[in-house]
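Here's the structure we're looking at; comments come further down.
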Amino acid sequence: MDNEGFRIPRRFLPRDAVEDELERLDQSIASATAEIERNRDRVAEQLGDQYGAIFAAHVSMLNDPGLRATLEEMIRLRHYSPEYSVSRVLRNYAKVFQSLEGPMPERANDIFDIEKRLLRHLLGRRREELGNIVSEVLVLAHNLTPSETSNLNPKFVRGFVTETGGPGSHTAIVAEALGIPAVVGIGPFLAEVSGGETVIIDGDQGLVILHPDEETIARYRYEVDQQRSQARKLEAFRDLPAETLDGVRIQLLGNIEFPYEVEQCKERGSDGIGLYRTEFLFLAGAEQPSEEEQFAAYSEVARAMGDQPVVMRTVDLGADKIPNLPAPEDEPNPFLGLRSIRLALKHRGLFRTQLRAMLRASVAGNIRMMFPLICTLMELRAAKSVLQDAKEDLDEEGVKFDRNMKVGMMVEVPSAVLMMDHFAHEVDFFSIGTNDLVQYALAVDRSNKDVAGLYTASDPSVLRLINMAVKIAHEHDVPIGMCGQMCGNPLYTMFLLGLGLRSLSVTPAAIPEIKRVCRSVELPQCEKVAKRALRFDNAHHVRTYLKEELSKVVPNIRI
Ligand code: PEP
Ligand code: MG
């Protein structure tokens with residue numbers, strides 16, 4: 001897809017369609033030319049003929065007989081679709097300009113402009129509905145939002161790559177949930193590739209290989225086989241508890257975005273759901289889900305898990321998860337703006353409806369409620385007061401709910417860590433969200449590729465914040481766990497157990513691996529590792545050290 005979302009199919013044409021397709025191509029060239037000429041006239045009228053002349057170059061490129069002949073040859077002799085032919089030929093032209101010295105590479109933008117114009121006329125203005133893809137593809141796009149990603153069907157979309165975004169973004173998290181190999185935020189590359197070409201996406205290493213040779217393809221086929229057999233070996237851990245060698249039981253939970261992931265958690269032997277990101281229900285359709293729809297989804301998850309705990313997080317919308325709500329007028333820093341609990345408190349009706357649905361579902365299983373992105377005590381109290389109102393309403397209506405439902409908060413901003421002794425008096429549990437904690441501790445946008453190198457949970461400041469949080473929670477006897485991506489990475493398991501964490505909630509696919517690490521370590525050894533890791537002064541040394549220690553207990557582990 002180009003950066004306006006047009007999909008460019010290679011599609012082979014039947015022989016008898018060639019004349020019609022050539023006709024379609026000519027019409028698009030004519031319409032695109034007319035469009036440019038209209039622009040030329042408007043500009044010439046307002047600014048003078050010399051400015052209008054800028055467009056003349058575009059008109060003559062579009063109508064270049066050499067270009068037309070090359071396109072015709074691709075359509076007539078190779079039976080490619082006009083869209084693919086236009087994209088392929090013009091991108092090759094652009095590459096020639098890009099390879100020149102001096103100011104010439106900028107002229108490539110003119111060629112891309114012509115390509116886009118032609119594609120718009122060939123394909124219509126509609127952005128491709130990604131949910132409608134019904135044949136196996138790799139999606140190569142400028143950007144995908146988390147909700148677009150959640151609409152991808154893993155049966156057909158076998159991998160995706162985006163130019164923008166970061167590894168901590170929800171687009172990446174959803175890809176993991178769907179089990180789609182992905183590389184997010186790789187930088188500009190779309191000009192190098194057209195539809196129908198062979199591409200390898202290596203999500204583990206963040207690599208995209210365009211036009212791979214036979215040897216590379218064979219190497220990756222082998223790698224895929226290896227991963228499959230590794231996954232089969234890990235299945236053996238399914239029915240074993242996450243227990244350390246010295247007999248300490250670790251609670252290993254799953255993170256889910258969609259109710260159907262419950263099965264994946266169960267298949268992998270989880271102890272429950274440690275984070276249900278309910279906002280994905282709000283991102284799926286054009287309408288907000290009704291109380292009944294939410295009630296049905298929450299009850300389904302709770303029922304499926306039986307006695308096992310299900311931590312339902314209240315809506316965490318905003319920033320990169322754009323809801324169908326009136327947008328804030330001017331939000332230049334969305335991650336510092338009206339997101340998460342702030343947005344919920346602003347849209348009380350929506351929030352209250354969700355709390356009612358969760359309360360009603362609480363009779364179906366073992367539900368706990370959790371508020372996201374709490375930064376101040378007043379916010380927590382405001383959220384709890386909406387909850388109290390919802391409970392009173394249900395009482396008045398005679399509707400049953402679990403009166404003892406535990407209510408907790410996420411610890412994902414430094415202010416929450418610093419004030420935890422106060423929060424400890426007002427919540428039943430804490431859950432550390434490292435995805436946001438990393439971004440707010442280091443002032444690094446989790447979805448910005450240009451600062452992705454700074455976005456790491458290995459930073460000593462992050463390790464210290466987590467250590468502080470665990471200590472304060474323990475001092476006040478309030479249960480604390482972690483649900484950020486950090487704890488799904490085996491690199492950190494020893495460190496986290498060593499700090500005293502006993503509850504980890506990870507993406508379902510990571511459960512067997514983390515279980516394996518838990519079953520390979522002893523706590524005193526982890527405590528030593530944690531103590532030492534806290535003394536390093538940079539992320540690189542932390543990582544190297546943790547890698548070394550991990551490979552001592554689980555040799556050959558892939559990180
Ligand atoms: C987190 O911030 O660590 C977290 C678990 O929440 P999310 O990734 O949905 O922001
Ligand atoms: Mg978060």
Side-chain angles (χ1 to χ4, degrees), residues 145-147 149-150 165-178 184 253-258 261 265 272-283 310-323 334-344 354 368-375 379-380 383 408-417 429-448 452 455-459 462-463 465-466 469-470 480-489 492 496 501 503-508 510 514:
T145 64
S147 57
T149 313
S150 65
S169 67
H170 288 95
T171 295
I173 290 171
V174 172
E176 217 167 6
L178 295 173
V184 169
L253 307 155
N255 290 350
I256 64 167
E257 285 71 40
F258 314 100
E261 286 179 275
C265 292
I273 306 291
L275 171 65
Y276 175 11
R277 290 184 167 99
T278 59
E279 59 274 8
F280 280 87
L281 213 56
F282 292 71
L283 291 170
V310 176
V311 180
M312 291 196 185
R313 179 173 75 182
T314 62
V315 276
D316 188 3
L317 289 163
D320 63 340
K321 289 178 284 195
I322 315 296
F335 274 106
L336 300 181
L338 192 62
R339 72 169 288 220
S340 198
I341 195 71
R342 303 170 186 176
L343 191 104
Q354 179 176 48
R368 292 152 198 207
M369 188 183 279
M370 176 161 75
F371 298 124
L373 207 81
I374 297 289
C375 297
E379 263 168 356
L380 174 67
M409 63 178 260
M410 294 202 59
V411 178
E412 46 185 352
V413 282
S415 69
V417 178
F429 65 92
F430 291 114
S431 184
I432 304 173
T434 49
N435 307 342
D436 278 313
L437 191 59
V438 171
Q439 90 163 338
Y440 294 121
L442 293 163
V444 47
D445 180 341
R446 62 194 271 188
S447 52
N448 181 339
Y455 183 84
T456 170
S458 300
D459 194 90
V462 177
L463 304 189
L465 281 167
I466 297 168
V470 176
I480 184 162
M482 179 177 279
C483 64
Q485 301 287 97
M486 179 186 192
C487 65
N489 184 344
Y492 300 109
L496 298 174
L501 279 171
S503 174
L504 308 175
S505 190
V506 307
T507 188
I514 301 297

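Computed from a predicted structure; not experimentally measured. Index from 1, following the sequence. Ligands are counted one by one from 1 in listed order, and the atoms in each one are counted from 1 as well.
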Using a strict 4.0 Å cut-off to heavy atoms of [X], name the atoms of ligand 1 that fall inside it.
X	value
Asp436	1 (C), 2 (O), 3 (O), 10 (O)
Arg446	2 (O), 7 (P), 8 (O), 10 (O)
Thr434	3 (O)
Lys321	9 (O)
Cys483	5 (C)
Leu275	5 (C)
Gly484	3 (O)

Tell me which part of Ile173 gets within contact of ligand 1: side chain, backbone, both or neither, using heavy atoms under 4.0 Å.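 Within the 4.0 Å criterion, Ile173 contacts ligand 1 through side-chain atoms alone.
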Side chain, backbone, both or neither: which part of Arg277 comes within less than 4.0 Å of ligand 1 when only heavy atoms are counted?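 Side chain only.
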Would you please classify the geometry between the Phe280 ring and the His170 ring as parallel, tilted or perpendicular, with 30° and 60° separating the classes? tilted
Please check if the side chain of [X] supplies one atom and the backbone of [Y] the other of a donor-acceptor pair under 3.5 Å.
X	Y	result
Glu261	Phe258	yes
Gln485	Asn435	no
Thr149	Thr171	no
Arg342	Leu336	yes
Lys321	Leu283	no

Between Thr278 and Gln354, is there a side-chain donor-acceptor contact under 3.5 Å, judged purely by atom types and distance?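 Yes - a donor-acceptor pair under 3.5 Å links their side chains.
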Side chains of Asn255 and Thr507: is there a donor and an acceptor less than 3.5 Å apart? no
For Met410, is the nearest heavy atom under 4.0 Å from an atom of ligand 1? yes
Below 3.5 Å, N or O to N or O, backbone or side chain included: is there any such pair between Glu279 and ligand 1? no
Under 3.5 Å: N/O of Glu412 near N/O of ligand 1: yes
Please list all pairs meeting salt bridge (charged side-chain N to carboxylate O under 4.0 Å, His left out) that have one or both residues in residues 166-175, counting only residues at least two apart or in different chains.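 Non-adjacent pairs meeting salt bridge (charged side-chain N to carboxylate O under 4.0 Å, His left out): zero.
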Taking all atoms of both residues into account, what is the closest heavy-atom pair of Val315 and Pro372, and its distance?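 Heavy-atom minimum between the residues: O-CG, 3.8 Å.
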Please report the shortest heavy-atom distance between Leu373 and Ser340, naming the atom on each side. CB-OG, 3.2 Å
If you have a sec, work out which protein heavy atom is nearest atom 7 (P) of ligand 1 and how many Å separate them, to one decimal?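 Among all protein heavy atoms, the one nearest atom 7 (P) of ligand 1 is His170 NE2, 3.2 Å.
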Considering only non-hydrogen protein atoms, determine which one is nearest to atom 6 (O) of ligand 1 and report residue, atom name and distance to 0.1 Å.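 In this structure, atom 6 (O) of ligand 1 has Arg313 NH1, 2.9 Å as its nearest protein heavy atom.
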Nearest 0.5 Å, what's the OG1-CZ distance between Thr434 and Arg446?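 The distance works out to 9.0 Å.
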Note on the Mg ion (ligand 2): protein N/O/S atoms within less than 2.8 Å are Glu412 OE1, Asp436 OD2
Taking it one step at a time, do Tyr276 and Met370 satisfy side-chain contact (heavy atoms from CB on, under 4.5 Å)? CA-CA 9 Å; Tyr276 175 11; Met370 176 161 75; over 6 Å; no
